[in-house]
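Heads up, the thing below is written out as structure tokens.
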Amino acid sequence: MALWGGRFEKDMADIVKEFNASIAYDQRMYNEDIDGSLAHVRMLAAQGIIAPEERDQIIKGLETIRARIAAGEAGFNVEDEDIHMGVESRLIAEIGDVGKKLHTARSRNDQNQVDMRLYMRHEIDNVIAEIAKLEEVLADKAEEYVDLMMPGFTHMQHAQPITAGFYFMAYFQMFKRDIQRLQAARERLNQNPLGSCALAGTTLPIDRFMTTEELGFSAPTENAMDTVADRDYILDFLSAAATSMMHLSRMSEEIVWYSSTEFSYLWIDDSFCTGSSIMPQKKNPDIAELLRGKPGRVYGDLMSALTIYKGTPLSFDKDFQEEKEATFDAIDTWKASIAILREHILNMRFRGDVLEAQLEKGYLNATDIAEHLVTTGMPFREAHELVGEMVHYCESKGGIRLEDMTDADMKAVDPRMNREKMGDISVEACVNARKSFGGTAPSEVRRQIAVAKEWLDSITK
């Protein structure tokens, strides 16, 4: 039932109704729509704009409709156009003409903003909770593997020895920033648009501070025209989602690499793999690969929203309807991806025997030798050059290890060098010595884990 047709001689054509309607996807905001209407009608009564008995009828009618929608009895269709009209038309059918007073001193323009802000606020809280669960698993895995050594990479080449616990804490920090971005986005969006009406406010004596308190917003928005035009908070969310999905993809990529035959660093639980329809030996990391592909959807959602908004003049434009499907898709994809990665990590393990063998490759202790030489008074650039020459010498001798060099080998590189001057260059000593703040030494990683868990406790209370 159209609630805006007084000025028109014709109803919308069926094809236009189909094209124009958003009810198929925005009905998921019915709770937020009803919550906004309840706050609005209480304010109208408090301001003497409607009678208390009318308020009570409307409140009862809205709660009846909420229960019917929750029970799957609503039966929305294109005639409803959107969730706002869908709820209001049912209210009028339920309680009669008094239901027509609900829309006093508001527009679908500010009503839409109320619904989206309430919905986004709720979903931000949900996503933060999901990431926090992932963070708990990462911190627990870091604790489990705090002493397990593995190669660290730059440019996909062996670089320096690290611990697997240090590796997990690196991803903990990535996802911590995702939570912080969401917290900042939530703070910015948490302003009350209700009462902005179409774009210029209203002549009626409304109290926007009352509805602000009723709906849990921090303050009413300052400018009605900006309010109905503003979609920055959606872009904040989609940008945070795209960045976080990139983080999910980076870890998924490493799961694919590290579980490959060439690496064999990781064992993945069978329940997170698939087989081949033709090759009976295959165990494919399909879930990690699918996670690696999911960011493309969310990047598309962000680009879709940016493209929708880029040419929209002040104040409200129908283009904005197109934002919802992209936003809802990003929410659903992001939450599902976080949950599946969490379970994936929980059900995988590093293979210590393989990692131990890999630590023998790539001269992982070269930097530590250079740094040890610095402690003897040698300038770092000179030490760097000297150790580079030692590595070259080892390679020319068939790839022997730095720790296998004899005094004669060292003197062939530089007469000043001998075994004693190298210090303890075992991988264990290299890792344990990296105690600088933020380093990979197990003692320092334990500190990182403790700080991480304290922070997690602070956001989940």
Side-chain angles (χ1 to χ4, degrees), residues 142 144-170 254 257-267 349-448:
E144 178 183 352
Y145 290 116
V146 71
D147 294 307
L148 179 65
M149 292 178 293
M150 64 180 288
F153 292 84
T154 62
H155 306 280
M156 278 308 294
Q157 302 292 317
H158 280 210
Q160 292 177 333
I162 61 171
T163 67
F166 184 66
Y167 169 82
F168 281 115
M169 289 310 296
E254 289 181 335
W257 289 345
Y258 290 167
S259 64
S260 68
T261 304
E262 284 69 23
F263 278 87
S264 297
Y265 289 6
L266 275 178
W267 176 87
R349 66 174 184 266
F350 275 108
R351 297 180 59 184
D353 56 335
V354 175
L355 292 175
E356 185 176 2
Q358 288 294 315
L359 290 167
E360 300 293 315
K361 303 175 182 179
Y363 306 100
L364 291 167
N365 49 5
T367 305
D368 301 83
I369 298 172
E371 289 184 347
H372 176 71
L373 292 173
V374 167
T375 67
T376 69
M378 186 180 293
F380 177 75
R381 281 298 168 205
E382 189 176 329
H384 184 283
E385 180 77 13
L386 175 55
V387 176
E389 290 173 357
M390 291 168 60
V391 169
H392 180 70
Y393 179 89
C394 289
E395 288 176 333
S396 72
K397 293 293 184 179
I400 65 172
R401 302 179 306 165
L402 287 164
E403 49 265 54
D404 293 333
M405 293 181 74
T406 65
D407 282 347
D409 289 326
M410 292 184 189
K411 291 189 181 301
V413 176
D414 190 303
R416 297 172 295 174
M417 286 299 295
N418 56 49
R419 294 275 311 173
E420 185 178 349
K421 280 194 174 182
M422 289 227 295
D424 186 353
I425 60 169
S426 66
V427 172
E428 292 87 351
C430 294
V431 169
N432 289 328
R434 293 193 173 275
K435 297 178 181 178
S436 57
F437 194 89
T440 191
S443 59
E444 170 57 17
V445 174
R446 287 187 176 92
R447 183 201 63 80
Q448 294 173 31

So, for [X] and [Y], which heavy atoms are closest and what is the spacing to 0.1 Å?
X      : Y      : answer
Phe166 : Gly439 : CE1-O, 3.2 Å
His158 : Lys361 : ND1-O, 3.0 Å
Pro161 : Leu359 : CB-CD2, 4.4 Å

Taking side chain as C-beta onward, heavy atoms only, is [X] less than 4.5 Å from [Y]?
X      : Y      : answer
Arg351 : Tyr265 : no
Arg446 : Pro442 : yes
Met417 : Leu373 : yes
Lys435 : Arg447 : no
Glu262 : Ser260 : yes
Thr163 : Tyr145 : no
Met405 : Tyr393 : yes
His372 : Thr375 : yes

So, taking the atom named [atom1] in [X] and the one named [atom2] in [Y], what distance separates them when rounded to the nearest 0.5 Å?
X      : Y      : atom1 : atom2 : answer
Lys411 : Asn418 : NZ    : CG    : 5.5 Å
Leu402 : Ile369 : CG    : CD1   : 4.5 Å
Met390 : Met410 : CE    : CE    : 5.0 Å
Met149 : Leu364 : CE    : CG    : 10.5 Å
Met169 : Thr440 : CE    : OG1   : 11.5 Å
Glu403 : Tyr363 : CD    : OH    : 9.5 Å

Cation-pi check, Arg349 to Trp267: give yes when NZ or CZ is under 6.0 Å from the six-membered ring centre and within 45° of the ring axis, no otherwise.
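Yes, Arg349 lies over the aromatic ring of Trp267.
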For Tyr167 and Tyr258, take the angle between the two ring planes, folded into 0 to 90°, and tell me which bin it lands in: parallel under 30, tilted 30 to 60, perpendicular over 60.
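The rings of Tyr167 and Tyr258 sit tilted, inter-plane angle from 30° to 60°.
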Check the angle between the aromatic planes of Phe263 and Trp257 and answer parallel, tilted or perpendicular using the 30° and 60° thresholds.
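Taking Trp257 first and then Phe263, their aromatic rings lie parallel (interplane angle under 30°).
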SB check Arg401 Glu360 (cutoff 4.0 Å):
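Salt bridge: yes.
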Salt-bridge present (Asp409, Arg419; N to O < 4.0 Å):
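Judged by the 4.0 Å cut-off on N to carboxylate O distance, Asp409 and Arg419 do not form a salt bridge.
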Does [atom1] in [X] sit with more than 12 non-hydrogen atoms of other residues, nucleotides or ligands closer than 6.0 Å?
X      : atom1 : value
Glu356 : CD    : no
His384 : NE2   : no
Lys397 : NZ    : no

Side-chain polar contacts of residues 422-430 - donor-acceptor pairs under 3.5 angstrom, sequence neighbours left out - could you list them?
| unit_1 | atom_1 | unit_2 | atom_2 | d |
| --- | --- | --- | --- | --- |
| Asp424 | OD1 | Ser426 | N | 3.1 |
| Asp424 | OD1 | Ser426 | OG | 3.0 |
| Ser426 | OG | Ala429 | N | 3.2 |

Before you tell me yes or no, could you show the steps for Lys421 and Arg416 under side-chain contact (heavy atoms from CB on, under 4.5 Å), namely the whole-Å CA-CA distance, both residues' side-chain angles and the distance that decides it to 0.1 Å?
CA-CA 9 Å; Lys421 280 194 174 182; Arg416 297 172 295 174; 4.0 Å; yes
Would you say the side-chain atoms of Glu444 pair up with the backbone N or O of Phe437, donor to acceptor, closer than 3.5 Å?
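Side chain of Glu444 to backbone of Phe437: no pair is present.
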